[in-house]
Amino acid sequence: MESAWDRLLDLVERLAVDPGRPLGPDTDAALVDLSTRAIADRHIDIELRAHDVARWLSGLVTAHRALRDTHAEVDADTELGNLLRIVTRWLHPARPR
């Protein structure tokens, strides 16, 4: 069974690559649910709140879509990789060095 973290990243990816998928209350609810679970599993920093994470993820997807529209010269896979890397590094708990 996939973790909430894996499902969250999958949802972000699907939303990012398909601008026809709406961002709205149903998507927000799914992002909040998966974020809540991933926080409980400690895949997301426990200092973050699920509603805040969901709102920012929705905003990042919106920004990604806008970037794809205005910078079509950049490889779509590269941009998607950048988005997912940013999300992963932002959400994961800090690791002591």
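Residues passing the side chain to side chain donor-acceptor pair (under 3.5 Å) test with R49, sequence neighbours excluded: none. Not counting sequence neighbours, R89 has no partner by the side chain to side chain donor-acceptor pair (under 3.5 Å) test. Residues that satisfy the side chain to side chain donor-acceptor pair (under 3.5 Å) test with R37, not counting sequence neighbours, are D33. Annotation: side chain to side chain contact (heavy atoms under 4.5 Å, CB included) contacts of T78 (sequence neighbours excluded): D75, N82. Residues forming a side chain to side chain donor-acceptor pair (under 3.5 Å) with T88 (at least two apart in sequence, or on another chain): none. By the salt bridge (Lys or Arg N to Asp or Glu O under 4.0 Å) test, R21 pairs with no residue at all, sequence neighbours left out.
Between the side chain of R55 and the main chain of D28, no donor-acceptor pair closer than 3.5 Å is present. Checking side-chain atoms of R42 against main-chain N and O of H92 turns up no donor-acceptor pair under 3.5 Å. Formation of a donor-acceptor pair under 3.5 Å by the T70 side chain with backbone atoms of A66 is found in this model. Of the possible donor and acceptor atoms, none in the side chain of R65 sits under 3.5 Å from a partner among the backbone N and O of V17.
Summarising the geometry of L8 relative to I44, their closest heavy-atom pair is CD2-CD1, 3.8 Å, with the distance given to 0.1 Å. D41 and A4 make their closest contact through OD2-CB, 4.3 Å (heavy atoms, listed as atom of the first residue, atom of the second, distance).
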Please assess W90 against L57 for the test side chain to side chain contact (heavy atoms under 4.5 Å, CB included), listing each intermediate value before the final yes or no. CA-CA 11 Å; W90 168 57; L57 288 175; 4.2 Å; yes

